[in-house]
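Working notes, beginning with the structure itself.
As the structure is a prediction and not an experimental result, all values here were calculated from the model.
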Amino acid sequence: MAEAPYYRAQGPEREVFRLAYAQRLPLMLKGPTGCGKSRFVEAMAAELRCPLITVACHDETSAADLLGRFLVVGGDTVWQDGPVTRAARQGAILYLDEIAEAREDVIVVLHPLSDHRRELYVDRQNETVKAAPGFMLVVSFNPGYRHNLKELKPSTRQRFVGLSFSYPEAAIEAEIIQAESGVDAGIARRLVALAGKVRSLEELTLSETVSTRLLVGAAVLVRAGLAPRLACEVAIAQPLTDDAATLQALRDLAALAF
């Protein structure tokens, strides 16, 4: 079996996940981009030795994409299960990332999977699929995304157990950066200090702030031999903005940190 991915817990999230899985309760993860939600799900699936099927949702994701469709293979028309149907049949953990981005028909399809019924109606097959015992539904979204006008309806949210994620406290974030990149402790602490300054400056008007994921990327480049300021430029500043003034402000902050 593949080695479990590294994940540093920040609170009781592991215990909540284990109990939700055991009690067949769906789980909703809320938190900013790059704070570890997806890694958490991967780590828990490995710990529980349960197959994981992940879907990255977007505004073109339809119910047919998730349930399945008919395909022409060698002159024959055959049915191919989509990821949601496959997960229900197999008893896998189904992780729908950024669920709020999906179309409304996707949300409606998920309702019977997320309550006591634990079933899925595949209309094109006229089939009701009962979820296998190991099945668990996990969804995530970023409620703080400034350009996201979509929200999950209360009728959907109240079907889930909820966990809130945020960026780790400084000491834990530095530990994560070290573990993920192999960079030395001093560089990790400076990257975390830089992130703290950027996150505190509302006047930068960034649509998303510095994530732990971006910090790990910068640390990986430093560990590979790139100069720290240049690593901050290409792994942090450039992914965050195209605005010249904001880019310069981020460069100035990186210069203070390094």
Side-chain angles (χ1 to χ4, degrees), residues 5 7 13 16-17 20-21 24-46 50-69 71 80-115 117-125 129 131 134-167 207-209 211-214 239:
Y7 177 76
E13 64 265 33
V16 171
F17 194 107
Y21 179 80
R24 301 183 177 183
L25 295 173
L27 181 64
M28 173 177 61
L29 310 179
K30 304 181 292 179
T33 298
C35 69
K37 300 186 297 295
S38 296
R39 178 63 65 86
F40 170 60
V41 178
E42 292 172 5
M44 293 308 300
C50 185
L52 173 65
I53 295 176
T54 299
V55 179
C57 299
H58 52 81
D59 56 9
E60 294 298 319
T61 301
S62 68
D65 294 327
L66 300 186
L67 293 180
R69 52 173 42 92
L71 301 175
Q80 182 179 70
D81 282 344
V84 174
T85 308
R86 194 164 67 250
R89 291 193 201 278
Q90 294 178 3
I93 293 173
L94 173 64
Y95 177 45
L96 301 179
D97 191 18
E98 296 297 345
I99 185 63
E101 295 293 328
R103 287 167 30 176
E104 184 60 31
D105 61 331
V106 169
I107 308 298
V108 173
V109 161
L110 296 175
H111 279 188
L113 267 180
S114 59
D115 60 25
R117 290 170 288 180
R118 285 173 57 86
E119 65 184 29
L120 181 69
Y121 179 62
V122 184
D123 58 348
R124 293 189 180 187
Q125 287 280 79
V129 178
F135 174 81
M136 180 183 186
L137 175 61
V138 183
V139 302
S140 73
F141 69 101
N142 179 0
Y145 185 43
R146 296 178 184 177
H147 295 311
N148 181 14
L149 301 179
K150 298 180 180 179
E151 276 288 348
L152 289 180
K153 293 181 178 179
S155 59
T156 299
R157 293 172 64 107
Q158 292 182 26
R159 295 170 179 273
F160 292 85
V161 173
L163 275 174
S164 289
F165 284 69
S166 61
Y167 298 125
S207 60
E208 289 280 359
T209 191
S211 68
T212 305
R213 180 189 297 134
L214 290 184

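- Atom CZ of R103 and atom NE2 of H58 lie 10.0 Å apart (nearest 0.5 Å).
- What you find for A45 and L52 is that their closest heavy atoms are CB-CB, 3.9 Å.
- Here the CG-CG distance, from L66 to L94, works out to 8.0 Å after rounding to the nearest 0.5 Å.
- For E42, the salt bridge (Lys or Arg N to Asp or Glu O under 4.0 Å) criterion is met by R39, not counting sequence neighbours.
- Other residues, nucleotides and ligands place more than 12 heavy atoms under 6.0 Å from the CD atom of Q125.
- Listed here is the closest heavy atom pair of P32 and S166: CD-CA, 4.1 Å.
- The two residues E101 and C57 come nearest to each other via the heavy atoms CB-O, 3.9 Å.
- In this structure, the side chains of K30 and F160 stay at 4.5 Å or more apart for every pair of heavy atoms.
- For the atom pair OG1 of T61 and CG of D105, the computed distance is 9.5 Å after rounding to the nearest 0.5 Å.
- Considering only residues two or more places apart in sequence or on other chains, R24 meets the salt bridge (Lys or Arg N to Asp or Glu O under 4.0 Å) condition with none of them.
- With T85 contributing its side chain and D81 its backbone, the two residues share no donor-acceptor pair below 3.5 Å.
- Judged as a salt bridge (Lys or Arg N to Asp or Glu O under 4.0 Å), and not counting sequence neighbours, R124 has no contacts.
- Among residues two or more places apart in sequence or in another chain, the salt bridge (Lys or Arg N to Asp or Glu O under 4.0 Å) test is passed with R159 by D115.
- Put simply, OG on S114 and CG on L137 are 6.5 Å apart, with the number rounded to the nearest 0.5 Å.
- F40 pairs by the ring pair (Phe, Tyr, Trp, His ring centres under 6.0 Å) definition with Y7, F17, F165, not counting sequence neighbours.
- Annotation: side chain of I107 is in contact with side chain of I99 (closest heavy-atom distance under 4.5 Å).
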Legend entry - Residues T156, M28; criterion side-chain contact (heavy atoms from CB on, under 4.5 Å); working and verdict: CA-CA 10 Å; T156 299; M28 173 177 61; over 6 Å; no
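- Shown here for Y167 and T209, the closest heavy-atom pair between the two residues is CE1-CG2, 3.7 Å.
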Legend entry - Audit row: I93, M44, side-chain contact (heavy atoms from CB on, under 4.5 Å) steps and yes/no: CA-CA 10 Å; I93 293 173; M44 293 308 300; 5.8 Å; no
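- Closest heavy-atom contact between C50 and G91: SG-O, 3.5 Å.
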Inset, instruction - Determine, stepwise, if the pair D97 / S38 fulfils side-chain contact (heavy atoms from CB on, under 4.5 Å). - result: CA-CA 8 Å; D97 191 18; S38 296; 3.8 Å; yes
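- Without hydrogens or angle criteria, R118 side chain to F135 main chain gives a donor-acceptor distance under 3.5 Å.
- K37 NZ to S164 OG: the interatomic distance, rounded to the nearest 0.5 Å, is 10.5 Å.
- Between P143 and G31, the shortest heavy-atom distance links the atoms CD-N, 3.7 Å.
- Taking CG from L120 and CZ from R86, the interatomic distance works out to 12.5 Å, rounded to the nearest 0.5 Å.
- When the side chain to side chain donor-acceptor pair (under 3.5 Å) test is applied to S62, the partners found at least two apart in sequence or on another chain are D65.
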